[in-house]
Amino acid sequence: MLIELLQQRRSTRQFKTDKITSEQLEQLTEALLRAPTSRGRNPWHFVVVDDPQLLSQLSKAKAHGAEFLAKAPLAVAICADSAVSDVWVEDCAIAAIILQLTAESLGLGSCWAQMRLRSDANGHSAEANVREILNLPMGWNVDCIIGIGQPVQRLAGHPRASLPDGKIHRNRLPK
Ligand SMILES: Cc1cc2nc3c(=O)[nH]c(=O)nc-3n(C[C@H](O)[C@H](O)[C@H](O)COP(=O)(O)O)c2cc1C
């Protein structure tokens, strides 16, 4: 049941050194390609990275919050040709969460590293840094990079009572 997966899901930023198997990679990439997109335009491109040197470079593409990529056995850069769809951001975000939930369903952990609208310690665009590190064409935007691997430690899911029930509204909001 998906709800059980969601009840247990947490972001994972520390990974064991175990490699992702080819069977796991096949399932992760199939899940990505099954992500729905607006008008079926599939503006995205997914760059699967397991080269430790590239992972180290990607971990420094922005100033904070991408350090965990350096020791992830696998990272997937979620990119898109923004000329193909005006809603590429939404399409990328959907693909990213599908990737994360598929990883979770395979017993793996993952974490999102935001790249779009972020910059490095010198104020350079994180997206431009990723484009350079991975040799991406100029027209491609980079939404985020998802780091994936075996979790060192499994954090407990958020307790039901801690969820912000006040965010759910019925019919109209009161005036
Ligand atoms: C759009 C988005 C951007 C995020 N960016 C980062 C990031 O750059 N670095 C990071 O370590 N975590 C990032 N996260 C993970 C969140 O910090 C995490 O999901 C949130 O704190 C809740 O924790 P949980 O996933 O363990 O429930 C991002 C999550 C989302 C959805």
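By convention here, the first residue in the shown sequence is residue 1. Atoms within each ligand, like the ligands themselves, are counted from 1 in listed order.
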Decide whether the shortest distance between a heavy atom of [X] and an atom of ligand 1 is less than 4.0 Å.
X: His64; result: no
X: Arg118; result: no
X: Arg9; result: yes

Going by the atom numbers of ligand 1, which of them fall below 4.0 Å from some non-hydrogen atom of [X]?
X: Ser11; value: 15 (C), 18 (C), 19 (O), 24 (P), 25 (O), 26 (O)
X: Ala113; value: 7 (C), 8 (O)
X: Cys111; value: 10 (C), 11 (O), 12 (N)
X: Lys62; value: 7 (C), 8 (O)
X: His158; value: 24 (P), 27 (O)

**Study point:** Test item: side-chain donor near acceptor, His158 and Arg9, under 3.5 Å
**Key:** no

Exercise for review: Could you check if a side-chain atom of Lys71 sits within less than 4.5 angstrom of a side-chain atom of Gln14, using non-hydrogen atoms only?
Suggested key: no

Check your understanding: Do Gln114 and Ile145 have side chains that get closer than 4.5 Å, going by heavy atoms?
Key -> no

Exercise for review: Would you indicate whether Glu67, at its atom CD, is surrounded by more than 12 heavy atoms from other residues, nucleotides or ligands within a distance under 6.0 Å?
Suggested key: yes

**Study point:** Heavy-atom neighbours of His169 NE2 exceed 12 at 6.0 Å
**Key:**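 Atom NE2 in His169 is packed in, count exceeds 12.
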
Check your understanding: Aromatic rings Phe15 and Phe68: how do their planes relate, parallel, tilted or perpendicular, breaks at 30° and 60°?
Key -> tilted

Review point. For the hydrophobic clusters of this structure (ILVMFWY residues joined by side-chain heavy atoms under 4.5 Å, transitively), does one cluster hold both Ile146 and Ile20?
Key: yes

Point to revise | Cluster overlap Leu28 with Trp44, hydrophobic side-chain contacts below 4.5 Å | key: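 Yes.
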
Considering non-hydrogen atoms of the protein only, which is the closest contact for [atom], and what is the distance?
atom: atom 17 (O) of ligand 1; value: Arg13 NH2, 3.3 Å
atom: atom 14 (N) of ligand 1; value: Trp112 O, 3.5 Å
atom: atom 9 (N) of ligand 1; value: Gly65 O, 2.8 Å

Practice item. Would you mind checking if Arg160 and Asp165 are paired as a salt bridge, meaning a charged N to carboxylate O distance below 4.0 Å? Key: yes

Check your understanding: Within 4.0 Å of atom 22 (C) of ligand 1 (strictly less), any protein heavy atom?
Key ->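 No, because not a single protein heavy atom sits under 4.0 Å from atom 22 (C) of ligand 1.
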
Check your understanding: Protein heavy atoms: any of them under 4.0 Å from atom 4 (C) of ligand 1?
Key ->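 At least one protein heavy atom is under 4.0 Å away.
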
